[in-house]
Amino acid sequence: MSSPVRVRFAPSPTGYLHIGGARTALFNWLFARHYGGTFVLRVEDTDQSRNTEEAAAAIYEGLRWLELQWDEGPHVGGDFGPYFQSQRNDIYERHLKKLQNADHIFEDKGALRFRSPREHVIVDDLVAGKIDFDLSNEQTHPDMTIRRPDGSWIFHFVNVVDDMEMKISHVIRGEDHLSNTPKHIELYRALGAEPPQFAHIPLILNRDGSKMSKRDQGASVDYYIKRGYLPEAVRNYLCLLGWSPKDNREKIDIDDIVRIFDLNNLVRSHATFDPDKLHWLNGEYAHELSDSEFYDRAVATLRSAGINIDNYSTEYVRAALQTCKGKINTFDELPAYCGFYFTDDLSYNPDGVAKHFTPENKSRLEAVRDALGQIDNFTANEIETIMKATAAKLGVKVGAIVHPSRLAVTGSNAGPSLYHLLEVLGKKKVLTRIDRALSTF
RNA sequence: GGCGCGUUCGUCUAGUGGUUAGGACACAGCCCUCUCAAGGCUGGUGCACGGGUUCGACUCCCGUACGCGCUGCCA
């Protein structure tokens, strides 16, 4: 690569960061990092909406969350600003003048249009390959508008001017722009500039094959932030959509990806977003969080779920959460998983009641209560020993008393290790809960 | 309609003329086990279709079908 690598992510401030946009940003970022280039963030707010900063905030937040730090752009500045199109009017005027002087522009009912040279344009795309577009027919390829009668600019023109002015070397964007590219190339040429290299990456679709749009659940990065997904996991998953390390790895360190990422090995077909795989991958990351990382995230999740953990000692909360570590894939599963630690007002799972709160289990549960009541040193080890001994005495498998016990104490059929959760709850609470359950039989 | 791009298990993908078509998610079964997970093992499902080219096509060419995109004074 002869000229320095400069790429950009150029979203319009819509108030949210689309998951597809996030991947576009990610691929730009990866490419820049791989080649030691510059990643520019430019806000395409040509429609002059008043709340640009507010609407762009979600984009900043999403990019920061994914740790896709931009080298130039809003908040960080740079030598090619301003980085908001709404502030670059004089630049557009200047280039418009150039085009007008060269007779490339004509007026049409107050709007300005660019007169196409009407030739074939070859797009040599890094992903899609060489494509020949025939723009010679005016009927099928009308001259594009570049400015509205009210003076506002059309995307195609400002996008090209900005990429040119900002010395963008590679335009990496969604494939929905592929068909626009020959028109853009005409503009570059008319402005006397060499077009950048183009790389059009395939789109991300929904399960049903439709394009992911704002309305679709999970189409916004914000969705994953709110649900307590891990940014490394989401970022990793996004990398796997349209790109592959080709060695069967799925969970890959971002530094490794930076090392091997390139544009010429991108997949050319569209990808379907698979929430299940993301969920799994998030679990892979969640399971290897350190104890303190897990604790911090868990506490934040419980707080925002409205679970009152402040009535409990730090020691208790810490011990409770420790029994959940490695058991959940995403943090939004946590409140339901461990809520029983933080309330005495349990409701019993109906299926579980039907299955485990049976007449024959009543005496077993009573036996469990009595046995647990005998324990002085109420630890998981001791509890396990006693439970097994009790089962043996009753002549049943330990599972036969574990299930009703779990239901009695947590209200659920699934959860953390029973012996450990009993220890955390403490003898007093455990006995109270078993008695309460017994009274419902 | 025109133009462009695409099509390998349900999904993400590996594969660039000769492979038992590999991996992952999901799914099913088994093992382990105090539940649920995790982990281990096993299993099923795939080259859109039709023509070529070739000794030989998932791989190359041409069509068809289907999908998606563009065709805006949206970005």
If the plane angle is over 60° it's perpendicular, under 30° parallel, otherwise tilted; pick one for A/Phe331 and A/Phe294. tilted
note: A/Asn248, atom CG; B/rU8, atom C1'; distance rounded to Å ~ 15 Å
Margin query: By the 4.0 Å heavy-atom rule, please label A/Tyr337 as base, sugar-phosphate, or nothing.
Written below: base
A/Asp176 CG to B/rU71 P, in whole Å, measures 10 Å
**Study point:** Sugar-phosphate only, base, or nothing, as touched by A/Ser417 at under 4.0 Å among non-hydrogen atoms
**Key:** base
By nearest-nucleotide position on RNA chain B, the 5'-leaning member of A/Leu418 and A/Asp132 is A/Asp132
- Message: Considering every strand and a 4.0 Å limit on heavy-atom distances, what is the contact class for A/Gly110: base, sugar-phosphate, or nothing?
- Response: nothing
message: Less than 4.0 angstrom between a side-chain N/O of A/Ser244 and OP1 or OP2 of B/rU13, yes or no?
response: no
Just checking A/His279: base, sugar-phosphate only, or nothing, at a heavy-atom cut-off of under 4.0 Å?
nothing
Select base, sugar-phosphate, or nothing to describe what A/Ala111 touches, counting heavy atoms under 4.0 Å on all strands.
base
If pairing means Watson-Crick or G-U wobble with both distances under 3.5 Å, then the partner of B/rU19 is none
(Q) Over all strands shown, is A/Lys246 touching base, sugar-phosphate only, or nothing at heavy-atom distances under 4.0 angstrom? (A) sugar-phosphate
By nearest-heavy-atom nucleotide on RNA chain B, the more 5' of A/His287 and A/Met144 is A/His287
In whole angstroms, the gap separating P of B/rC34 from CE of A/Met387 amounts to 11 Å
Could you check whether the rings of A/His200 and A/Phe198 sit parallel, tilted or perpendicular, using 30° and 60° as the cut-offs? parallel
Note to self: Heavy atoms only, 4.0 Å cut-off, all strands: where does A/Val123 land among base, sugar-phosphate and nothing?
What the structure shows: nothing
Checklist entry - How is A/Asn180 classified with respect to the nucleic acid when contacts are heavy atoms under 4.0 Å: base, sugar-phosphate, or nothing? => result base
- Check whether any side-chain nitrogen or oxygen of A/Arg249 sits under 4.0 Å from OP1 or OP2 of B/rU13, and answer yes or no. no
*Compare side-chain N and O positions of A/Thr272 against OP1 and OP2 of B/rC12 and report whether any pair is under 4.0 Å apart.*
yes
Would you check if there is a donor-acceptor pair between the side chains of A/Asp274 and A/Tyr237 at a distance under 3.5 Å? no
Rounded distance in Å between the P positions of B/rC12 and B/rA26
15 Å
Item checked: Distance below 4.0 Å between A/Arg147 side-chain N/O and B/rC73 OP1 or OP2 -> no
query = Base, sugar-phosphate, or nothing: which does A/Lys109 touch, judged by heavy atoms less than 4.0 Å apart?
reply = base
Quiz prompt | Pair A/Glu333-A/His279, side-chain donor/acceptor within less than 3.5 Å | solution = yes
Within 45 degrees of the axis of the six-membered ring of A/Phe84 and under 6.0 Å from its centre: does A/Arg42 put its NZ or CZ there?
no
Taken to the nearest whole Å, CG/A/Leu334 to C1'/B/rC36 is 14 Å
Per atom distances to the A/Trp280 side chain, the nearest of B/rC74, B/rU13, B/rA26 is B/rA26
Rounded to whole Å, CZ of A/Phe114 lies from C1' of B/rG72 at a distance of 18 Å
Does B/rA75 have OP1 or OP2 sitting under 4.0 Å from an N or O in the side chain of A/Thr46? yes
Salt-bridged, A/Arg118 to A/Asp143, with N to O below 4.0 Å? yes
Atom NE2 of A/His356 and atom C1' of B/rC36 are separated, to the nearest Å, by 12 Å
